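Heads up: numbering here begins at 1 and tracks the sequence. Note that ligands are numbered from 1 as they come in the structure, with each ligand's atoms numbered from 1 the same way. In this text, all values refer to a predicted model and were calculated from it rather than measured experimentally.
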Amino acid sequence: MNRKSKRTASSIRRKPTPLAYRNNYSSTSHVNSLHVKTEGGYSFEHGTHPLVNDAKNRALRDYETKTKARFDNIETVLKSIIGQQLRPDFKHWANNELFAQLGVTLDDNVWELNSNSNSQRYFQDLFTKIVFAQFMRMSKDFFVNDPLQGQVQQEARQVFRDSGIHAIGIAPCADGRLAHFVSYILRLPYSLARRKAHAGALFDISESVRNWVFIEHSRFREQKPNPADEPTRYLKMAVYHFSKADPSHQGCAAHGSDDHKAAEAALTKLKDFRQAIENRFGCGSTVETILIGVNTDDDSLKVHVPNENGKVCLERYVETSELYSQTKNMSVDDAKFIIENAIDSCNINRHSTKPRDGIKRLLSWFIANNFSQIEYVNNYEQGCYDDIGHAERFIGIGSGFEEVQLRNLSYYSFLDTIEEGVNDVDVGIKIFKGLNIKRGLPIPIIIRCDYDGRVPGSKERAKKKASRLEKAVHNRYKELSTCGLVQTMATLRDYTGCQPVEKLA
Ligand SMILES: [Zn+2]
């Protein structure tokens, strides 16, 4: 793998992207490209590896580059606009220019010139408003146009069903370097996988149990996604992370960059969740658990393989980077055989039993999907990200945020109240002190409360909750808030369909 030289966190900066950028695809990505079939809504062209979908990689790259550029160019564009304050038609011109450069506009009155127009605060307020406007635009595009084809569930649904799984809940770390876990690293449709992120992957077991009950109830009452008498299981996945290039600095902040601690903590949560379901609802209700570690330098995985009883162990895992290299020049069938064989022998070599056939099938599919992401990072990031550390653009707190599917776009923490999520938000603020405040940029925080449009009063309750969260953020970070360095936008969304987010007035 052709790796870039290792960079320290302090040297990582988000670089403005040329606005009229061209998709600069590596020539290697077209080697061996062959149009084969349609899969998951994209035509399938295999890349340098027979299991890699090159056409999908190009589409994902296009989306990532365009979307991030809209955030990363804000500072430069805004500074150049403010530099033209002496123009007689400034307000009108500024909005036109903003639209021409970044595709969004603000209310005319926010450009109003006054005694503060040359101050840092004037710049900071405008900067945050543009970040929020970009988020609103991204959300609309995501739900209405489905650029990642995340509403296409057919293939994934079939694989899950064949593997004996009827629903999946994913608990990644809140770290922005895992924000693309669902759509990029595992290539799953966002609409099929419930994602709730917490610092250190320390998910709330009671909340997860409540969600499980809800899913099982739908099976009993509505036969959705399948009838309750079918012998399928709910799958809970916890995702921790580490950095091979800089293990002691770029690992999980919530676990002091200690990889073992991060993995162990996530595994303990999984065990406790499984135990909670069995204790409360009996062994017949058991759930399947899977533990995955992400190397955030290159998105390759450590996939911990459960044994036939579903027991997961930290020492039993396969590494997708090794399997990718091993199978690169093979036929599709041979590559699949090697993956399945590696999954079985990983447990047998450690004196345990093979996983159930369904789980083996599912893990093989995850691993093959991850090969596409490994090749994505190889082709577009020379095998290792430039921003191996934090480079998030905003903080998201609350529920939902399905539209955030890009690496390092947002630090996202799932929470109901600031009190219970305070550790997660503190970690986020600490990260952004280094990313933004050090450079005179404010910390944009987007609050999100999803509601069920079918339930009377649900929207009103979500509104109140969003306002409560917003107030609590400003109270907790009063010092930063008073000088405009913490700015918030409260949003709501009806999660029952594909509606975009709404801004709370
Ligand atoms: Zn983490």
Side-chain angles (χ1 to χ4, degrees), residues 8-10 12 169-186 193 195-205 207-208 236-270 272-273 289-304 312 314 317 370 373 377 384-385 387-398 401 404-415 420-435 443 445:
T8 60
S10 57
I12 297 158
I170 301 181
C173 176
D175 193 301
R177 291 169 296 173
L178 298 188
H180 62 320
F181 182 78
V182 171
S183 294
Y184 282 69
I185 296 181
L186 271 200
R195 175 187 66 177
K196 302 285 172 202
H198 293 274
L202 300 175
F203 62 91
D204 180 335
I205 292 173
E207 194 275 336
S208 298
K236 183 80 182 178
M237 183 191 291
V239 187
Y240 67 94
H241 62 101
F242 55 92
S243 160
K244 277 193 179 174
D246 192 2
S248 46
H249 299 102
Q250 300 301 345
C252 183
H255 298 290
S257 273
D258 183 325
D259 302 350
H260 187 77
K261 254 192 201 167
E264 202 168 39
L267 178 58
T268 303
K269 282 282 178 188
L270 286 176
D272 289 351
F273 173 63
T289 54
I290 285 181
L291 178 67
I292 289 187
V294 178
N295 177 4
T296 51
D297 307 336
D298 61 11
D299 291 343
S300 65
L301 305 176
K302 262 187 192 177
V303 179
H304 296 265
V312 180
L314 289 188
Y317 60 84
N370 182 245
Q373 185 61 12
V377 181
C384 182
Y385 285 107
D387 52 347
I388 63 167
H390 289 282
E392 291 93 337
R393 279 72 174 173
F394 59 89
I395 293 178
I397 59 171
F401 285 106
V404 175
Q405 297 286 337
L406 290 177
R407 182 181 189 275
N408 256 339
L409 184 65
S410 147
Y411 175 92
Y412 160 57
S413 175
F414 171 73
L415 53 82
E420 62 187 53
V422 74
N423 290 338
D424 290 10
V425 189
D426 282 352
V427 170
I429 294 286
K430 192 176 161 201
I431 290 168
F432 271 79
K433 279 183 176 168
L435 286 176
I443 306 176
I445 301 183

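In this structure, Arg407 is not positioned above the aromatic face of Tyr184 in the sense of NZ or CZ being under 6.0 Å from the six-membered ring centre and within 45° of the axis.
Protein atoms of type N, O or S found under 2.8 Å from the Zn ion (ligand 1) total 3.
Considering only residues two or more places apart in sequence or on other chains, Arg195 meets the salt bridge (Lys or Arg N to Asp or Glu O under 4.0 Å) condition with none of them. Residues forming a side chain to side chain contact (heavy atoms under 4.5 Å, CB included) with Tyr317 (at least two apart in sequence, or on another chain): Lys302, His304, Glu319. Here Glu264 pairs with nothing under the salt bridge (Lys or Arg N to Asp or Glu O under 4.0 Å) rule; sequence neighbours left out.
The shortest side-chain heavy-atom distance between Phe181 and Ile292 falls under the 4.5 Å cut-off.
Between Lys244 atom NZ and Asp298 atom CG the span is 7.5 Å, to the nearest 0.5 Å.
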